[in-house]
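Accompanying notes for the structure given below.
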Amino acid sequence: MKSNFTIRVNLPTGTFFTDRISQFRIKAIGGQILLLPHHAPIVSSFFQTACYIGDLEGNIVRAVANSGIFKFDNNVLDIYTDFFYFSNKKNEDIFQKVDAALQNIIDLSSKDSFHLDKKIVNDMKKRIYVLKSIYNEK
């Protein structure tokens with residue numbers, strides 16, 4: 001069996017994703033970090049970035065994350081951020097889902113009793129735009 005470790009992506013709403021992976025690469029504050037099974041314990045932070053997850057079949061899956069921190073210890077990688085998306089199917093547009101979810105929130109705010117501040121909506125759109133740009137970099 002190929003050596004692997006656990007990844008857990010934690011959002012403010014709870015655990016978003018947990019799986020066994022073979023590697024994880026991210027651009028952290030101090031530079032690029034490649035985590036492999038049995039890596040020394042490490043804690044670091046990151047800004048909006050693309051990251052790469054090696055699955056157990058040898059595929060590399062590209063993901064994007066907003067600012068956050070990660071901790072690797074005892075073969076468990078915990079990522080803490082408020083935005084993390086990845087494509088798990090070939091050619092899947094992850095941002096189409098995000099754009100649809102944002103539009104759904106905007107639509108609900110106009111129908112329900114709560115009001116969604118335009119500044120908040122614009123900030124969310126700007127963050128999504130930056131993450132799209134990062135994701136599309138080669």
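Note: hydrogens, waters and symmetry copies are ignored here, and every other heavy atom, side chains too, is used.
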What I'd like to find out is whether the side chain of [X] reaches to under 4.5 Å of the side chain of [Y], using heavy atoms alone.
{"X": "Phe17", "Y": "Ile79", "value": "no"}
{"X": "Ile7", "Y": "Phe24", "value": "yes"}
{"X": "Asn4", "Y": "Ile21", "value": "no"}
{"X": "Leu35", "Y": "Leu77", "value": "yes"}

**Prompt:** Side chains of Thr6 and Arg20: is there a donor and an acceptor less than 3.5 Å apart?
**Reply:** yes
Shortest non-hydrogen contact between [X] and [Y], atoms and distance:
{"X": "Ala63", "Y": "Phe84", "answer": "CB-CZ, 3.8 Å"}
{"X": "Leu34", "Y": "His39", "answer": "O-CD2, 3.7 Å"}
{"X": "Pro37", "Y": "Ser22", "answer": "CD-O, 3.2 Å"}
{"X": "Phe46", "Y": "Ala65", "answer": "CE1-CB, 3.7 Å"}

Hey, does the side chain of [X] reach the backbone of [Y] with a donor-acceptor pair shorter than 3.5 angstrom?
{"X": "Asp55", "Y": "Glu57", "value": "yes"}
{"X": "Thr81", "Y": "Ser67", "value": "yes"}
{"X": "Ser45", "Y": "Gly68", "value": "no"}

Interatomic distance, [X] atom [atom1] to [Y] atom [atom2] [nearest 0.5 angstrom]:
{"X": "Ile33", "Y": "Ser44", "atom1": "CD1", "atom2": "OG", "result": "4.5 Å"}
{"X": "Thr13", "Y": "Asp82", "atom1": "OG1", "atom2": "CG", "result": "10.0 Å"}
{"X": "Asp19", "Y": "Ile53", "atom1": "CG", "atom2": "CD1", "result": "8.5 Å"}
{"X": "Phe72", "Y": "His38", "atom1": "CZ", "atom2": "NE2", "result": "8.0 Å"}
{"X": "Ser3", "Y": "Leu56", "atom1": "OG", "atom2": "CG", "result": "10.0 Å"}
{"X": "Asn66", "Y": "Gln48", "atom1": "CG", "atom2": "CD", "result": "4.5 Å"}

**Prompt:** Between Phe70 and Val61, is there a shared hydrophobic cluster once you connect ILVMFWY residues whose side-chain heavy atoms come closer than 4.5 Å?
**Reply:** yes
**Prompt:** Taking the six-membered ring of Tyr52 as reference, does the NZ or CZ atom of Arg25 fall below 6.0 Å from its centre and within a 45° cone about the axis?
**Reply:** yes
**Prompt:** Under the ring pair (Phe, Tyr, Trp, His ring centres under 6.0 Å) criterion, do Phe83 and Phe16 qualify, and how do the steps go?
**Reply:** CA-CA 10 Å; Phe83 183 94; Phe16 170 69; 9.0 Å; no
**Asked** Taking only residues two or more places apart in sequence or in another chain, which ones pass ring-ring contact (aromatic ring centres under 6.0 Å, His included) with Phe47?
**Response** none
